[in-house]
Number of protein chains: 2
Amino acid sequence: MVKNTGRPGYLQIADDLRAQIRGGSLAPGTPLPSTTRLAEQYDASLSVVKLAVGVLRTEGLVIGQQGKGVFVRDTTEQPPPAGGGDTAGEVAELRAAVQDLSARLAKVEEQLATSTTRRPGRSSR
Amino acid sequence: MVKNTGRPGYLQIADDLRAQIRGGSLAPGTPLPSTTRLAEQYDASLSVVKLAVGVLRTEGLVIGQQGKGVFVRDTTEQPPPAGGGDTAGEVAELRAAVQDLSARLAKVEEQLATSTTRRPGRSSR
DNA sequence: CGAGCCAACTAGGTTAACTATGTTGCTCAC
DNA sequence: GTGAGCAACATAGTTAACCTAGTTGGCTCG
């Protein structure tokens, strides 16, 4: 499938496509590969690809046109309601928070795994 | 099965839940009915309900906690219109990630703290 | 009485199949 | 050469089924 992180596959694909869009690898107006093609690319089932595209659609990053394809939205035609322009900073802050929390979580979960021999079952994927 | 408008069912349900949340009918912190219950309420299949909840999740309006339920996010600190698309979606997603990680961290830290001292059964109810 | 197991709920993820609808390009008849 | 029709491919929506995983509370058994 995709990878073996805790993150579900359809989000991984959505992340990847989102990164490509933001990185300019997929320019506004250009179509994404078809769902079947994406399914092959990511070695995923059609369903997860459709889910991933659905996520990007609800995020407004892409626009699906039935019969034609899924196109990258022109970000300039609908500028986000910048709540003061600090959205970039906010994103950075949130990212940092995620990193921090992830690290703490990993550490604490490890502690828990090693210190507790009384809990049955608990395992990883 | 919802109505006969052109709008797909899963979006109708998402709209309705979103309206209830914004209207205060579903206060922050309160759980949504379970998916099976929602499916009965709207006379829809489980799949469309799950899709609807998924939409609200990616919008950051609700947070699903496995095993417990889907809870309304604190909307006062979170009024972004979903149409924003660009960074709004990413911010929402990051916020959701932070909340999720925080929840997991809190849970796991509590486990760690209690497991070193005593063995609790249940905590709150 | 208490610790632990278990059963019943919960959400989440994945897959597959089917239908509907729209677009596009090709072919073929005239 | 032009137009109609059709086949192939596209997204979109819906449904159903199965599995994982977390939470909770009751029940049993030592």
Side-chain angles (χ1 to χ4, degrees), chain A residues 1-14 17 31-40 42-58 62-72 109 112 116-125, chain B residues 1-14 17 31-40 42-58 62-72 96-97 99-100 103-108 110-111 114-115 118-125:
Chain A
M1 192 157 307
V2 196
K3 275 194 309 181
N4 211 355
T5 75
R7 201 152 174 78
Y10 75 98
L11 283 186
Q12 289 184 41
I13 297 180
L17 292 175
L32 269 60
S34 71
T35 50
T36 58
R37 199 132 162 74
L38 285 175
E40 293 171 6
Y42 291 100
D43 192 21
S45 70
L46 284 178
S47 305
V48 295
V49 172
K50 282 166 77 171
L51 276 178
V53 173
V55 168
L56 297 181
R57 255 194 303 152
T58 68
V62 300
I63 293 193
Q65 281 183 267
Q66 222 175 155
K68 296 179 75 175
V70 179
F71 298 86
V72 178
E109 272 178 342
L112 189 62
T116 175
T117 25
R118 6 193 345 154
R119 271 289 258 202
R122 276 307 319 129
S123 62
S124 55
R125 328 193 149 183
Chain B
M1 172 168 333
V2 196
K3 275 194 306 182
N4 210 355
T5 77
R7 200 153 175 78
Y10 75 98
L11 284 186
Q12 289 184 41
I13 296 180
L17 292 175
L32 269 61
S34 73
T35 50
T36 57
R37 198 133 160 73
L38 285 176
E40 293 171 5
Y42 290 101
D43 192 21
S45 70
L46 282 178
S47 304
V48 294
V49 171
K50 282 164 79 170
L51 276 178
V53 173
V55 168
L56 297 181
R57 255 194 304 152
T58 69
V62 301
I63 293 198
Q65 281 183 270
Q66 224 176 155
K68 297 181 74 176
V70 178
F71 298 86
V72 178
Q99 290 252 341
D100 176 49
R104 286 169 60 188
L105 186 62
K107 182 195 68 178
V108 123
E110 183 188 1
Q111 268 189 27
T114 53
S115 72
R118 66 197 162 87
R119 185 76 174 102
R122 310 286 101 76
S123 51
S124 63
R125 169 162 294 266

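Only a predicted model underlies this, so the values are computations on that prediction, with no experimental measurement involved. In what follows, every chain begins at residue 1, and chains take the letters A, B, ... in the order their sequences are listed.
Atom CZ in A:Arg37 sits about 20 Å away from atom P in D:dA8, given to the nearest Å. In this structure, the NZ atom of A:Lys68 is 13 Å from the P atom of D:dA12, given to the nearest Å. At whole-Å resolution of the value, CG in A:Leu51 and P in C:dT15 are 10 Å apart. For the pair B:Leu46 CG and D:dA16 P, the interatomic distance rounds to 9 Å; values are reported in whole Å. Between the P atom of C:dG12 and the CZ atom of B:Phe71 lies a distance of 10 Å, rounded to the nearest Å. What separates CG of A:Leu32 from P of D:dA12 is a distance of 10 Å, to the nearest Å. The interatomic distance linking B:Leu11 (CG) with D:dT11 (P) rounds to 18 Å, in whole Å. In this entry the distance linking CD1 of A:Ile63 with C1' of D:dA12 reads 15 Å, nearest Å.
In this structure, of C:dT14, D:dT14, D:dT24, it is D:dT14 that holds the atom nearest to the side chain of B:Val48. Taking the side chain of A:Thr35 as heavy atoms from C-beta on, and the options D:dT24, C:dA11, D:dT11, the nearest nucleotide is D:dT11. Nearest nucleotide to the side chain of B:Gln66, out of C:dT24, C:dG12, D:dT14: C:dG12.
Side-chain N/O atoms of B:Ser34 include none lying less than 4.0 angstrom from OP1 or OP2 on C:dC9. Side-chain nitrogen and oxygen atoms of B:Arg57 include at least one within less than 4.0 Å of the OP1 or OP2 phosphate oxygen of C:dG12. The phosphate of C:dG13 (OP1 or OP2) has a side-chain N or O of A:Tyr10 nearer than 4.0 angstrom.
Looking at B:Ser45, its side chain has no donor and acceptor atom pair within 3.5 Å of the base of D:dA16. Side-chain atoms of B:Ser47 and base atoms of D:dA16 include a donor and an acceptor less than 3.5 Å apart.
Here the closest heavy-atom approach between residue B:Ile13 and residue B:Ala44 is recorded as CD1-CB, 4.0 Å. Contact between B:Val48 and B:Tyr10 at its shortest, heavy atoms only, is O-CB, 3.7 Å. Scanning all heavy atoms of the two residues, the minimum distance from A:Ala52 to A:Ala14 falls at CB-N, 3.8 Å. Here the closest heavy-atom approach between residue A:Val55 and residue A:Thr58 is recorded as O-OG1, 2.9 Å.
Of the residues near DNA chain C, B:Gly69 and A:Lys50, the one whose nearest nucleotide (by heavy atom distance) lies more toward the 5' end is B:Gly69.
Between B:Val49 and the choices B:Leu17, B:Leu32, B:Thr36, B:Thr35, the side chain to side chain contact (heavy atoms under 4.5 Å, CB included) rule is met once, by B:Thr35.
Using five terminal pairs a side, the axes of the helix from C:dC1-D:dG30 to C:dC30-D:dG1 at its two ends make an angle of 20°, given in steps of 10 degrees.
Formation of a donor-acceptor pair under 3.5 Å by the B:Gln12 side chain with backbone atoms of B:Arg7 is found in this model.
One finds the CG atom of B:Leu51 at 7.0 Å from the CG atom of A:Leu51 (value rounded to the nearest 0.5 Å).
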